[in-house]
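A short write-up of the structure that comes next.
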Amino acid sequence: MKAGGMQYSDETIAIVRLIRVAVAPLTAIYALLVIMGLIPTDRVISTPVAFSLLFFWVLISLYYYIKPASEHTDHGLRLILLHFFAFAICILVIGFVQPFMPFYIVLVISSYFYYGRLGYGASIAALLGALALDTAIHGNAQNQLLLQNVLVAISVILLSTIVTAISSSQETRRRALQHSQNRERWQYDRMTTIMNNLTDAAFSTDDKGSILMHNAACLDLLDTNDTLKGRSIGELFNLTDKDGQPVQLTNLLNEATRTIRRDDLNHTYKDGESIRLEITLSPIKSSYSTRKKASEQGGYILIMRDVTKQKSLEEERDEFISVVSHELRTPITIVEGSLSNLDVLIKRPTPPPHEVLADTVSTAHDQVLYLAKMVNDLSTLSRAERGVADTPESINVSDLLQSLHQQYEKSARDRKLELNLDLGHSLGSVMTSRLYLEELLQNFITNAIKYTNEGSVTIIGRRSKNIVTFTVKDTGIGISRTDQNKVFNKFYRSEDYRIRETNGTGLGLYVSTKLAHKLHTRIELKSRLNHGSSFSFQLEGE
């Protein structure tokens, strides 16, 4: 409740109301003793009037306590009525000089609480007026009553001023404390909101490592629904380093003097599954201590992230670069050697036979073609990884397969093969990336032509309900069961001598798997050694 610029709590107002209702019966009992003549008084009033005043005084006080005022004006009317009965009883029955007179301070404080300094001044003014009226009615020649009433006025004003000042001071401290608590709560809610919106797992611990706060991502990381607050963070993680040696998270906390970051730790779940963690650990320093003249440890903030996939990709990238470097070194060395040998042969006084020069040039040319094919495969792989030209478009399946048939018909004829086209009815269209779909089918067709020595290669299109199936089938050398599990690995080439005779990079089917992933499909391989192979995949039709 606010009054006079001061905000008072409901508890303070309730205490004042309780004291006010307690004063009423105590004053009434004292007045009854006066009426009964047990306590001497110089007041002269009829008994019925006295009893009436006491009855209404007690009744109104109880009523006001049981039913608090709901409006500001109602408070004012009640205070006026309470002042009236208090003064009436004092002037007509018990006088102002009596043991309960200090309880008038309760009315002064009530006025101050509800109406501030204005209420306080009005209540004191009413008291001075009542004292003046009492002196005028009951005063004598010696002015003893006047002196007594002046002392009453001074004591009430002094005591009520002290009480209101103490109350205001305490209320100011209470408001400051409440403001501090509200701000702390606001900061806590703000921090909680920030933490819960982090995708990474965030923990806040005390200096012993006990969890004080955590976000929802922590539960996902630990794969649990149990409460984590109050638990030691060290017992939640089973950490090992890259050498498989156990690492205690609490030891990392104790050793941390500044923010540290570790991405070489693995966490193993109870079911044996292991993930790579990136942990950022920051110690929190508390406010400066004037007593210890040093900063004190206030706990830790830990940010954790599952980087298993990221690290796997980095390792795969490093391995890929290493393998590509190795694969490029061989053809480059052959080209360099062939050209150097050609240069030596040309500079001889007696030129070598034409067949020797032609064979040297052919060897270098074959390796350059090999390099060009590898660069083309790497370019296709790079486009697929970066998502270049992956915008979907509506593609007529029949038109696409007929175009590919015409494009590779000559290559098949040069190898004395038949390139067949087997199209079902109403193939319709598919919505996907044209570039990726064409490159995937081209990889299958070129491989089929390359590894088929006799017979045919067939491009097949079928539609069942809303699913379009693309298949490239050949009558070539086939793939053994052992090799079928490896042909999609990068740079893998079978040990079959018939495959070794061909000039391949070992990237074609690896690139095909990446293209299929971009098309949201999966390659199905069916093959039998010496009986041919078929590669197929499915796309959703329009």
Side-chain angles (χ1 to χ4, degrees), residues 316-386 388-389 404 406-417 419 435 438-440 442-455 457 474 476-477 479 483 486-512 514-515:
E316 183 179 353
R317 179 196 62 192
D318 295 340
E319 178 189 0
F320 184 78
I321 293 174
S322 175
V323 173
V324 168
S325 302
H326 176 74
E327 292 293 328
L328 288 174
R329 186 178 296 113
T330 300
I332 290 174
T333 302
I334 295 175
V335 171
E336 181 184 8
S338 298
L339 294 178
S340 297
N341 187 34
L342 182 63
D343 181 61
V344 171
L345 292 174
I346 292 175
K347 290 180 180 179
R348 283 183 178 180
T350 303
H354 176 75
E355 292 79 8
V356 175
L357 296 177
D359 184 62
T360 303
V361 171
S362 177
T363 299
H365 181 257
D366 288 343
Q367 294 302 314
V368 169
L369 292 179
Y370 174 84
L371 289 171
K373 180 65 170 64
M374 180 177 290
V375 170
N376 183 65
D377 288 339
L378 291 174
S379 177
T380 301
L381 179 62
S382 175
R383 286 197 303 269
E385 293 287 1
R386 291 182 291 114
V388 176
L404 291 173
Q406 294 174 2
Q407 181 179 346
Y408 289 96
E409 189 174 21
K410 183 178 182 304
S411 299
R413 192 164 53 247
D414 292 343
R415 287 185 55 81
K416 299 179 181 180
L417 301 174
L419 182 61
L435 177 63
E438 285 184 353
E439 288 182 340
L440 180 56
Q442 286 171 355
N443 280 351
F444 292 158
I445 295 171
T446 54
N447 275 353
I449 294 174
K450 181 189 300 184
Y451 298 112
T452 302
N453 296 322
E454 60 181 13
V457 174
D474 63 61
I477 61 178
I479 305 172
D483 288 339
K486 304 176 182 178
V487 292
F488 294 102
N489 296 338
K490 55 182 176 294
F491 296 111
Y492 178 78
R493 302 200 72 205
S494 173
E495 296 298 329
D496 192 321
Y497 73 95
R498 293 170 296 181
I499 293 179
R500 289 292 175 178
E501 288 176 350
T502 62
N503 192 15
T505 64
L507 280 175
L509 291 180
Y510 176 71
V511 172
S512 297
K514 297 295 184 179
L515 293 172

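In this text, all values refer to a predicted model and were calculated from it rather than measured experimentally.
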[X] vs [Y] side-chain heavy atoms within contact, under 4.5 Å:
X: Q442; Y: L404; value: yes
X: I477; Y: T452; value: no
X: I449; Y: Y408; value: yes
X: V487; Y: Y510; value: no

Under the side chain to side chain contact (heavy atoms under 4.5 Å, CB included) test, residues paired with K416 that sit two or more places apart: none
Can you measure from [atom1] ([X]) to [atom2] ([Y]) and round to the nearest 0.5 angstrom?
X: L419; Y: Q406; atom1: CG; atom2: CD; value: 10.5 Å
X: L339; Y: I346; atom1: CG; atom2: CD1; value: 9.5 Å
X: K514; Y: E439; atom1: NZ; atom2: CD; value: 15.0 Å
X: L440; Y: L509; atom1: CG; atom2: CG; value: 10.0 Å

Is there a donor-acceptor pair closer than 3.5 Å between any side-chain N or O of T446 and the backbone N or O of N443? yes
